[in-house]
Trainee: 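Let me begin by handing over the structure; questions about it come next.
Below, chain A is the first sequence line, B the second, and so on; all start at residue 1. No experiment lies behind these values; they were computed from the predicted model shown.
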Amino acid sequence: MRSLLAWLFLAGALPAQVQELSRQQRDSLQELRPKLAIAQRGSDVAAVRAVVAESLRVLGDQAGLPEVKDTYRQPSSSAPLFKSDRIAEAFGPYADHVEKVRWWKIGLDPSKLNHALRETATVARACLAAARAEPKLAARLLPIARE
Amino acid sequence: MLWAQSEAGTGVIPFPAVRSGSGRSFEVSERFLARLERSGQLPSVVRNGWVSADPAEECGLQFDNGLGGCALLELHAATQDRRYLDGALKAADWAAASPLVTNWNYNAFSLQLLSQAYASTRDERHLAAARRKFLFGVQPGQLVDGPRAGRWADAHNARPAYHYIMVRALASFLAVMPKDDADRPGVLGCLRLALRARNPEFASKGIMNIDSSVEALVAVERLPAAARAALGPCGVAEALDVLERHVAHGVTKGKSSAGPEACALLLERAVGRRR
């Protein structure tokens, strides 16, 4: 019983981790949204700030809390940093994977595509960065980046 | 990307008009397409199977358009192939014309593309459009005081992944701003607050996001020395060290913990230490 009470006390004292709003707060924010959109299309930044200030009043102490609780992975604090003479070895598995999954073909049917072009963008940027880091990778990675 | 952009025909780097796709982006897209279907606008929006316009002005298309356009600019820098620059500039023009929206991170994707387009072209139209995205579409959403100063106030953009999308866009804008620009102090202040809000958590609490934060923090680390000095201490190198050790450890163990872009950027960082 004592430990349960202690837990309840501590839980109550913990800072909130997720934004929790009442129905009234959510409705008020919903009403402010079109006002913000209209202000953003004007030429007066102060008008935008005024709507934001109103929404901050509605949010109160919930402002800045995320919709989903932050989860933290334990860092590998004693692990070494990347070694600059092992670039090809480190990126090798990524290059193998990218070569294997290449779905981006000219003429594909977008209505059956369960991928977004943000994926091709990140692959292109990855190949370019890896090729800059290790020029020996350029012959393999630049053609993929250009696809 | 260039082929899809050409198929969509409006300059945007489009999103596939898939119904019932899986994953968060396809769930958002499905809601958008269903609304258009109900309003009878779907046929005018989907072209050759791609979502090519946004009559509802929700502007989720800014996400792929921004990232795709930035990739095309990098491809042009690496190859000098003019087709990539032309594609990137079409995407930038689409972003400039795209209305500002209440979801701050969508505007940030266009801010990043327009900033990087300005770096390539020095076309003042791109700088002006980037400035408007910043002043009306990114900066106002940030908390400037209180215990969570530096975060964006709304619950969606308070999430770490979106926080660092904002940081990356701000770094891109700061990198290209003229030194005497009247808005430079505002950009510096916004970026400084954002970095100080979240960066210390990497050492004190752990890793809450990898890909978005690596991409953003590497962009900050690559800022010109004067800009970094003006920012002051923001825990960038410390946070990146935590992330790099974590990703390097995963690679050693054969368990990739980061996407290919974040890993490649950290490898470039390792090479930079040698120089």
Trainee: Tell me, with the steps shown, if R148(B) and Q62(A) meet side chain to side chain donor-acceptor pair (under 3.5 Å).
Mentor: CA-CA 10 Å; R148(B) 298 182 202 98; Q62(A) 298 294 298; over 6 Å; no
Trainee: In terms of heavy-atom proximity below 4.5 Å to chain B, should A39(A) be classed as side chain, backbone, both, or neither?
Mentor: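 Contact with chain B is through the backbone of A39(A) alone.
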Trainee: Can you tell me how far apart CG (L73(B)) and CD (Q112(B)) are? Round to the nearest 0.5 Å.
Mentor: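 Between atom CG of L73(B) and atom CD of Q112(B) there are 10.0 Å.
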Trainee: Please classify the contact between R49(A) and chain B as side chain, backbone, both or neither, with a heavy-atom cut-off of under 4.5 Å.
Mentor: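 Answer is side chain: those atoms of R49(A) sit under 4.5 Å from chain B.
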Trainee: Please report the interatomic distance CD(Q62(B)) to CG(N103(B)), rounded to the nearest 0.5 Å.
Mentor: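 Taking CD in Q62(B) and CG in N103(B), the distance rounds to 9.0 Å.
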Trainee: Could you have a look at M208(B), H156(B), E268(B) and say which one has the most heavy-atom pairs with chain A under 4.5 angstrom?
Mentor: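 Top count of heavy-atom pairs under 4.5 Å with chain A: E268(B).
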Trainee: In terms of heavy-atom proximity below 4.5 Å to chain B, should I87(A) be classed as side chain, backbone, both, or neither?
Mentor: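 I87(A) touches chain B through backbone and side-chain heavy atoms alike.
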Trainee: Measure the shortest side-chain to side-chain distance between D211(B) and E261(B) over non-hydrogen atoms and say whether it is less than 4.5 angstrom.
Mentor: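 In short, these two side chains do not touch, never coming nearer than 4.5 Å.
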Trainee: Is the shortest heavy-atom distance from the side chain of N65(B) to the side chain of F109(B) under 4.5 Å?
Mentor: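 In short, these two side chains do not touch, never coming nearer than 4.5 Å.
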Trainee: For V52(A), which atoms come within 4.5 Å of any heavy atom of chain B: side chain, backbone, both, or neither?
Mentor: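 The side chain, not the backbone.
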Trainee: Considering non-hydrogen atoms only, spot the tightest contact between S257(B) and V247(B) and give its length.
Mentor: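 In terms of heavy atoms, the two residues are closest at OG-CA, 3.6 Å.
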Trainee: Determine the minimum heavy-atom distance between W104(B) and V138(B), stating which atoms define it.
Mentor: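 What the structure gives for the nearest pair is CE3-N, 3.9 Å.
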Trainee: What part of L59(A) lies closer than 4.5 angstrom to a heavy atom of chain B: side chain, backbone, both or neither?
Mentor: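 For L59(A), side-chain heavy atoms alone lie under 4.5 Å from chain B.
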Trainee: Using non-hydrogen atoms only, which part of N114(A) is less than 4.5 Å away from chain B: side chain, backbone, both, or neither?
Mentor: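 The answer is both parts of N114(A).
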Trainee: Does R198(B) qualify as a cation-pi partner of Y164(B), given the criterion of NZ or CZ under 6.0 Å from the six-membered ring centre and within 45 degrees of its axis?
Mentor: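 Ring-cation test returns no.
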Trainee: Can you tell which part of T71(A) gets under 4.5 Å to a heavy atom of chain B, answering side chain, backbone, both or neither?
Mentor: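 The backbone, not the side chain.
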Trainee: Pick one of side chain, backbone, both or neither for F202(B), based on which atoms fall under 4.5 Å of a heavy atom in chain A.
Mentor: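 Interface part for F202(B): backbone (N, CA, C, O).
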Trainee: Go through A37(A), C127(A), G107(A), A53(A) and name the one with the most non-hydrogen pairs under 4.5 angstrom from chain B.
Mentor: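 Max contact count across the listed options: G107(A).
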Trainee: Are side-chain heavy atoms of R41(A) and F136(B) found at a separation under 4.5 Å?
Mentor: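 When only atoms from C-beta onward are counted, F136(B) and R41(A) do not touch, as no gap falls below 4.5 Å.
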Trainee: Name the member of L135(B), L100(B), L266(B), N157(B) that forms the most heavy-atom pairs with chain A at distances under 4.5 Å.
Mentor: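 Among L135(B), L100(B), L266(B), N157(B), the one with the most close pairs to chain A is L100(B).
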Trainee: Where on D109(A) is there a heavy atom nearer than 4.5 Å to chain B: the side chain, the backbone, both, or neither?
Mentor: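 Contact with chain B involves no heavy atom of D109(A) at all.
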Trainee: Between A47(A), S78(A), P34(A), G42(A), which has the largest tally of heavy atom pairs under 4.5 Å with chain B?
Mentor: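 Of the options given, most contacts go to G42(A).
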Trainee: Below 4.5 Å, heavy-atom pairs only: which of V48(A), L56(A), V18(A), L108(A) has the largest tally toward chain B?
Mentor: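 It is L108(A).
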Trainee: Measure distances from E67(A) to the heavy atoms of chain B and classify the residue's part below 4.5 Å as side chain, backbone, both or neither.
Mentor: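 Contact with chain B involves both backbone and side-chain atoms of E67(A).
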Trainee: Which atom pair, heavy atoms only, marks the closest approach of P75(A) to V242(B)?
Mentor: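 Closest heavy-atom pair between P75(A) and V242(B): CB-CG1, 3.6 Å.
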Trainee: Let's test your reading of the structure: which of K112(A), K69(A), H115(A), E119(A) forms the most heavy-atom pairs below 4.5 Å with chain B?
Mentor: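 If we count pairs closer than 4.5 Å to chain B, H115(A) comes out on top.
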Trainee: How about residues 134-147 of chain A versus chain B: which residues have heavy atoms under 4.5 Å apart?
Mentor: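 Residues A145(A), R146(A) are the ones that qualify, each having a heavy atom under 4.5 Å from chain B.
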Trainee: Run the numbers on S25(B) and F15(B) for side chain to side chain contact (heavy atoms under 4.5 Å, CB included), then give the verdict.
Mentor: CA-CA 10 Å; S25(B) 58; F15(B) 196 85; 3.9 Å; yes
Trainee: Given side chains that start at C-beta, do those of V214(B) and V218(B) come closer than 4.5 Å, heavy atoms only?
Mentor: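 In short, these two side chains touch, coming nearer than 4.5 Å.
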Trainee: Less than 4.5 Å to any heavy atom of chain A: does that hold for the side chain of A8(B), its backbone, both, or neither?
Mentor: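 Neither; nothing under 4.5 Å.
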Trainee: Shorter than 4.5 Å, heavy atoms on both sides: which option in R73(A), R33(A), E89(A) has the most such pairs with chain B?
Mentor: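 Most heavy-atom pairs under 4.5 Å with chain B: R73(A).
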Trainee: OG/S6(B) to CE/M1(B) distance, rounded to the nearest 0.5 angstrom?
Mentor: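 These two atoms lie 14.0 Å from each other.
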Trainee: Please test R151(B) against E201(B) for salt bridge (Lys or Arg N to Asp or Glu O under 4.0 Å), starting from the C-alpha separation and ending with a verdict.
Mentor: CA-CA 13 Å; R151(B) 290 191 187 188; E201(B) 293 178 24; 3.5 Å; yes
Trainee: Assess R159(B) against Y162(B): is NZ or CZ under 6.0 Å from the centre of the six-membered ring, and within 45 degrees of the ring's axis?
Mentor: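 No, R159(B) and Y162(B) do not form such a contact.
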Trainee: Where on L143(B) is there a heavy atom nearer than 4.5 Å to chain A: the side chain, the backbone, both, or neither?
Mentor: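 Side chain only.
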Trainee: Quick one, E30(B) and E27(B) - any side-chain contact, counting heavy atoms below 4.5 Å?
Mentor: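 Result no, sub-4.5 Å side-chain heavy-atom pair not found.
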Trainee: At under 4.5 Å between heavy atoms, what parts of residues 90-101 of chain A are in contact with chain B? List them by residue number.
Mentor: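 So the qualifying residues are A90(A), F91(A), Y94(A).
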Trainee: Under the side chain to side chain contact (heavy atoms under 4.5 Å, CB included) rule, what do V144(B) and L193(B) come out as? Steps first, then yes or no, please.
Mentor: CA-CA 7 Å; V144(B) 294; L193(B) 263 179; 4.1 Å; yes
Trainee: What part of S55(A) lies closer than 4.5 angstrom to a heavy atom of chain B: side chain, backbone, both or neither?
Mentor: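 No part of it gets close to chain B.
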Trainee: State, to 0.1 Å, how close L117(A) and P14(B) come at their nearest heavy-atom pair, and which atoms those are.
Mentor: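 Shortest heavy-atom contact: CD1-O, 3.4 Å.
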Trainee: Less than 4.5 Å apart, any side-chain heavy atom of Q17(A) and any of L65(A)?
Mentor: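 A side-chain contact is absent here, since even the closest heavy-atom pair is not under 4.5 Å.
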Trainee: Any idea which of A155(B), C70(B), A158(B), P99(B) has the most non-hydrogen atom pairs under 4.5 angstrom with chain A?
Mentor: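 Maximum pair count with chain A is reached by A155(B).
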Trainee: Looking at T79(B), L243(B), N107(B), which has the largest count of heavy-atom pairs under 4.5 Å with chain A?
Mentor: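 Top option by heavy-atom pairs under 4.5 Å: T79(B).
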Trainee: Looking at D241(B) and L81(A), what are the two nearest heavy atoms and their distance?
Mentor: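 Smallest interatomic distance, heavy atoms only, reads O-CD2, 3.8 Å.
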Trainee: Minimum heavy-atom separation for S110(B) and K133(B), please, with both atom names.
Mentor: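 Residues S110(B) and K133(B), closest heavy atoms: CB-CE, 3.9 Å.
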Trainee: Sort by residue number and list every member of residues 23-32 of chain A having a non-hydrogen atom under 4.5 Å from chain B.
Mentor: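 Listed by number, there are no contacting residues, so the answer is none.
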Trainee: Pick from Q139(B), E7(B), H163(B): which one has the most heavy-atom pairs with chain A under 4.5 Å?
Mentor: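 Among Q139(B), E7(B), H163(B), the one with the most close pairs to chain A is Q139(B).
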Trainee: Answer yes or no: does atom CZ of R196(B) have more than 12 heavy-atom neighbours from other residues, nucleotides or ligands under 6.0 Å?
Mentor: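 Atom CZ in R196(B) is packed in, count exceeds 12.
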Trainee: Contact part of A17(B) toward chain A, heavy-atom cut-off under 4.5 Å: side chain, backbone, both or neither?
Mentor: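 The answer is the backbone of A17(B).
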Trainee: When heavy-atom pairs shorter than 4.5 Å are enumerated against chain B, which of V68(A), V123(A), V51(A) gives the highest number?
Mentor: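 The option with the most such pairs is V68(A).
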Trainee: Taking it one step at a time, do E244(B) and F82(A) satisfy side chain to side chain contact (heavy atoms under 4.5 Å, CB included)?
Mentor: CA-CA 7 Å; E244(B) 188 180 329; F82(A) 277 122; 3.5 Å; yes
Trainee: Do other residues, nucleotides or ligands put more than 12 heavy atoms under 6.0 Å from the NZ atom of K255(B)?
Mentor: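 No, because the 6.0 Å sphere around NZ of K255(B) holds 12 heavy atoms or fewer from other groups.
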Trainee: For chain A, which of D81(B), L265(B), T252(B), V101(B) has the most heavy-atom pairs under 4.5 Å?
Mentor: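 Among the listed options, the one with the most contacts to chain A is V101(B).
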Trainee: Restricting to side-chain hydrogen bond (donor to acceptor under 3.5 Å, both in side chains), what partner residues turn up for S172(B), sequence neighbours left out?
Mentor: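 Partners of S172(B) by the side-chain hydrogen bond (donor to acceptor under 3.5 Å, both in side chains) criterion, ordered by chain and then number, come out as Q116(B).
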Trainee: Are L61(B) and F32(B) side-chain neighbours, meaning at least one heavy-atom pair lies under 4.5 Å?
Mentor: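 In short, these two side chains do not touch, never coming nearer than 4.5 Å.
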